[in-house]
Amino acid sequence: MLHSSMVQFWQPQLSWQRLQHPTLGRQQPEIWICQLETGSNAVSGNKILKLRYTLELALQQKKAGVFTFGGAFSNHLAAVAEACQRLGLTSTAYVRTDKLDSNNPTLAYCAKRGMTLIALDRSSYRQRNDTDFLAQLQQRHPQLMAVPEGGSSLVGAAGIGDINFANTPAGTAGLVCCATASGGTLAGLITNPLMPVDTKVLGLSVVKDSSLPQRIMQLLPAQCSTRQWQLNGDFIGAGYARFDTELLNFCRDMAQQQVFVEPVYTGKALYALVQLVAQQKLSARRISFFHTGGLQGLQGLHYRKLITAADLALLSGSKAD
Ligand SMILES: Cc1ncc(COP(=O)(O)O)c(C=O)c1O
C-alpha cells in the first residue's frame with residue numbers, strides 16, 4: 001500500500017482533447033490526446049505511471065532510495081528527483097556528461113530536490129545496462145534500488161497498464177500511440193489489460209536505436225497477452241533531440257490550440273502521427289495519443305539557445321517548471 005499522504009500525488013487526473021489540424025480533413029480519423037496531470041509537471045505523463053510501482057517496490061523493500069541513469073536534460077531524472085523527495089526516498093543519478101553544470105535547469109531542479117548527481121562520461125554511460133557494471137554500482141549503493149534509464153523495467157511498464165488509453169470521450173480508439181525512446185511506455189501499452197485486445201498500438205520513435213524492438217520485447221512479461229504493435233521511425237529526423245523549423249512551427253501551432261508539446265518527445269511524435277494520418281497510412285477511425293509529459297525539458301532547450309524565450313513561454317503555457 002502507498003503512504004496515504006501520497007494518494008493525491010499518485011492518482012493522476014485524466015483529460016482528453018480532440019486534435020484539430022489543417023492537415024486533418026473532415027474524412028480523417030479523429031485524434032484524441034490523453035493527458036495525465038498530477039499537480040507536478042516533472043512527474044506527469046508517463047513518468048507518474050512508470051515510477052509508481054517502481055518506487056512502491058523501493059518502499060516495500062525498505063530501501064533508503066534509488067539510483068538511476070539519464071542525460072543532462074532528462075525528464076526521467078527530474079521526475080525521479082521530485083517523486084523520491086515526496087516519498088521520503090533518497091535519489092542518486094548517474095548523468096551522461098563529462099562535467100556537471102550547476103546552471104543546467106534540469107540538474108538544478110534535481111539538486112534542489114536532494115538528488116545526488118554523479119557525472120558519467122559517454123563511454124562509461126554506455127555500460128548502464130551491463131550486468132557487471134550494475135553489480136559494481138549496486139555494491140557502491142547497498143541501500144539503494146537500481147532503476148534503469150527512463151524507468152523502463154517490467155515493473156515500470158506495468159504502471160502503464162493502469163489506464164485505459166483507448167477509452168476516448170467519443171468511444172473506443174482502434175489505435176493508441178505514444179512517443180518512444182527507451183520503450184517502457186510502449187511495452188506497457190502492448191500489455192495493458194484495460195484496453196480492448198483488438199486496439200492496436202503504435203510507438204513513434206524519437207531516437208535512432210536499432211536495438212529498440214528487441215528491448216521492447218524484453219519488457220513484455222511471458223505470461224501476459226499482447227496486442228498488435230508497431231514502431232515507426234520515419235520522423236526521427238536528424239536524431240534524438242534534433243529538430244527543424246517545420247517541427248518547431250508545428251509545436252507553435254499546437255500551443256495556439258492549447259495543446260502544449262515540445263519538439264524532443266511529444267511534439268515530434270504528434271507531428272509524426274499527423275503526417276501518417278495525412279498520408280493515409282493508418283486505418284483506425286479513432287486514434288488516441290498518450291501525451292507523455294516532458295514539458296520541463298523546454299527549459300533546457302532555452303538554456304542551450306535552441307528555442308527563444310518567447311517559444312519557451314508559448315510552448316509551455318504555464319507548465320515548464
Ligand atoms: C516526455 C517523454 N515522452 C516519451 C518518452 C519515451 O518513453 P519511453 O522511454 O518509455 O519509451 C520519454 C522518456 O524517455 C519522455 O520523457
Side-chain angles (χ1 to χ4, degrees), residues 11-38 41 44-50 159-181 185-206 227-232 234-235 247 250-295 315-317 319:
Q11 298 296 332
Q13 296 296 311
L14 199 70
S15 70
W16 292 93
Q17 237 175 320
R18 171 105 188 251
L19 181 75
Q20 311 290 345
H21 192 269
T23 318
L24 305 169
R26 280 179 184 275
Q27 305 308 318
Q28 300 282 10
E30 296 168 18
I31 298 180
W32 287 89
I33 298 173
C34 178
Q35 300 214 48
L36 297 182
E37 301 289 347
T38 57
N41 251 322
S44 61
N46 59 350
K47 306 290 169 275
I48 180 69
L49 300 183
K50 284 201 286 184
I160 304 288
D162 282 356
I163 288 175
N164 182 353
F165 292 99
N167 190 26
T168 82
T172 303
L175 180 70
V176 176
C177 312
C178 68
T180 299
T185 308
L186 190 66
L189 290 177
I190 294 168
T191 53
N192 182 306
L194 304 179
M195 286 164 27
V197 275
D198 52 355
T199 291
K200 295 177 184 155
V201 168
L202 173 65
L204 299 157
S205 294
V206 298
R227 56 177 51 75
Q228 253 186 289
W229 64 280
Q230 268 189 328
L231 257 184
N232 182 294
D234 294 347
F235 299 90
L247 177 52
F250 174 82
C251 296
R252 292 171 178 144
D253 286 351
M254 289 293 104
Q256 302 290 359
Q257 288 188 42
Q258 304 297 299
V259 175
F260 299 104
V261 290
E262 40 64 48
V264 178
Y265 291 98
T266 49
K268 192 173 265 189
L270 192 56
Y271 175 83
L273 176 59
V274 168
Q275 298 309 312
L276 289 170
V277 166
Q279 293 165 11
Q280 302 189 323
K281 292 206 170 138
L282 303 175
S283 58
R285 302 308 310 150
R286 186 173 298 118
I287 299 173
S288 160
F289 177 85
F290 175 22
H291 187 305
T292 41
L295 292 179
L315 302 191
S316 59
K319 303 183 181 178

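Contact check for I160 versus K50: side-chain heavy atoms found under the 4.5 Å cut-off. For the pair L49 and F290, the minimum side-chain heavy-atom distance is below 4.5 Å. Put simply, the side chain of Y271 does not reach to within 4.5 Å of the side chain of P263, judged on heavy atoms. Using a 4.5 Å heavy-atom cutoff, the side chains of V201 and M195 are in contact. A heavy-atom distance below 4.5 Å is not found between the side chains of L19 and L273. Between K268 and L204, the closest side-chain pair of non-hydrogen atoms is not below 4.5 Å.
Of all heavy-atom pairs between S205 and L231, the closest is OG-CD2, 3.4 Å. Counting all heavy atoms, side chain and backbone alike, E262 lies closest to C251 at C-SG, 4.0 Å. When all heavy atoms are compared, the tightest approach of F250 to G267 is CE2-O, 3.8 Å. Minimum interatomic distance between N192 and G161 (heavy atoms only, all atoms of both residues): ND2-CA, 3.6 Å. Heavy atoms only, all atoms of each residue included: A179 and V206 are closest at CB-CG1, 4.3 Å. The two residues G293 and T266 have their closest heavy-atom pair at O-CG2, 3.6 Å.
In this structure, the side chain of Q275 does not engage the main chain of A278 through any donor-acceptor pair within 3.5 Å. Without hydrogens or angle criteria, H291 side chain to F260 main chain gives a donor-acceptor distance under 3.5 Å. T199 places a side-chain N or O within donor-acceptor distance of the main-chain N or O of A173, the cut-off being under 3.5 Å. Formation of a donor-acceptor pair under 3.5 Å by the R286 side chain with backbone atoms of T172 is found in this model. R18 places no side-chain N or O within donor-acceptor distance of the main-chain N or O of W32, the cut-off being under 3.5 Å. Panel note: side chain Q257, backbone Q20; a donor-acceptor pair is recorded below 3.5 Å.
Atom OG of residue S288 and atom CG of residue L202 lie 11.5 Å apart, to the nearest 0.5 angstrom. One finds the CD1 atom of I163 at 6.5 Å from the SG atom of C34 (value rounded to the nearest 0.5 Å). Interatomic distance, CD1 of I48 versus OG1 of T292, reported as 14.0 Å (0.5 Å rounding). Taking CD1 of I287 as the reference point, atom CG of L175 lies at 5.0 Å (rounded to 0.5 Å). Taken to the nearest 0.5 Å, the CZ atom of F165 stands 6.0 Å off from the CG atom of L189. Expressed to the nearest 0.5 Å, how far NZ of K281 lies from CG of L276 amounts to 6.5 Å.
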Verdict with reasoning, Q35 to L14, per side-chain contact (heavy atoms from CB on, under 4.5 Å)
CA-CA 6 Å; Q35 300 214 48; L14 199 70; over 6 Å; no

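No more than 12 heavy atoms of other residues, nucleotides or ligands shown are found within 6.0 angstrom of NZ on K200.
Evaluation of the side-chain hydrogen bond (donor to acceptor under 3.5 Å, both in side chains) test over residues 161-171, restricted to residues two or more places apart or in two chains, returns R52-D162, Y53-D162.
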